[in-house]
Amino acid sequence: MAEIATEKAKGKVQVFDSEEALAVSLAKYTADLSDKISKQKAAFTVVLSGGSLIEWLRKLLEPPYIDSVEWSKWHIFWVDERVVPKDHEDSNYKLAYDGFLSKVSIPAGNVYAINDALSAEGAADDYETCLKHLVQTSTIHLSQATGFPKFDLMLLGMGPDGHVASLFPGHPLVQENKKWVTFIKDSPKPPPERITFTFPVINSSANIALVVAGAGEAHAVNVALGNSQNSDLLPVQMVSPEGELTWFLDKEAASEL
Ligand SMILES: O=C1O[C@H](COP(=O)(O)O)[C@@H](O)[C@H](O)[C@H]1O
């Protein structure tokens, strides 16, 4: 693993020689954080992405982590979700359930999926209401700096166009600064209807892991971490958490750095 020196705002950047090494390191990072937070608080709040991210969590499903992680403390959220039934192939919930959640002992009541019976707008409002309720019960805490919810860990992927969550380049949603959760009906990546956390929520996180692999992502990685001076920031360049940002890159994604 090579570590690339960057300015502090860009976070800690790690480049792995193999998929195996990246997955092993991500599992250790996540398990260490789970261990630390579980000793301090009743809940470890974890926000998942869809896409390739779930597959990168696979080493958590093996010893020692499958037995040592305090899964009962985990509370699971989605940074974005497609507005489709939960058993639909496009559902980020289904992806996470099939590939991860069904294999660990996180209590079902700690898994906060969207209400798939609602419209995009209704589902976004409903999810924000759910988060506000969890603030009242002290499962989620608010950032003292921003007043937005502060999740312990956000596990983010990135698309080849530099999108994160369902916040796409050039879309007005990237500027949303009041809502916690919003919706999109014209996503350039199918399916078109989705809900998504906004940047103020993403950037109030205590920890963000950005997990990016593949040559198709190399250009956006270079824009984000190289010395480019683009005036229209890609969404990935707007990821700037209150806490720590850690990049997990494979060597193909880092190939233009
Ligand atoms: O549509 C989405 O895409 C991004 C990136 O996915 P990846 O497969 O390129 O890693 C994902 O992070 C997001 O959650 C998802 O809804």
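Treat the numbers as computed from the prediction; the structure is a model and nothing was measured. Atoms within a ligand are numbered from 1 in the order they appear, just like the ligands themselves.
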Show me the donor-acceptor pairs, under 3.5 Å and distance only, between side chains in residues 93-111 and residues at least two apart or in other chains.
unit_1	atom_1	unit_2	atom_2	d
Lys94	NZ	Asp98	OD2	2.7
Ser102	OG	Tyr97	O	2.7
Asn110	ND2	Ser72	O	3.3
Asn110	ND2	Trp74	O	3.0

Can you give each donor-acceptor pair under 3.5 Å made by side-chain atoms of residues 113-120, sequence neighbours left out, with the distance rounded to 0.1 Å?
unit_1	atom_1	unit_2	atom_2	d
Asn115	OD1	Ala117	N	2.9
Asp116	OD2	Lys86	N	2.7
Ser119	OG	Gly122	N	3.0

- Note on the structure: Residues at least two apart in sequence or cross-chain that pass ring-ring contact (aromatic ring centres under 6.0 Å, His included) with His75, listed by chain then number, are Tyr112
- Message: What I want to find out is whether Asp161 reaches Lys189 closely enough, with some N-O distance under 4.0 Å, to be called a salt bridge.
- Response: no
- Query: Are side-chain N/O atoms of Thr146 and Ser204 paired as donor and acceptor at under 3.5 Å?
  - Reply: yes
- For ligand 1, protein residues within the heavy-atom limit of under 4.0 Å are Ser49, Gly50, Gly51, Ser52, Asp80, Arg82, Asn92, Gly157, Met158, Gly159, His163, Ala165, Lys189, Arg194, Glu217
- Assess the pair Phe248 and Tyr29: is the distance between their ring centroids shorter than 6.0 Å? yes
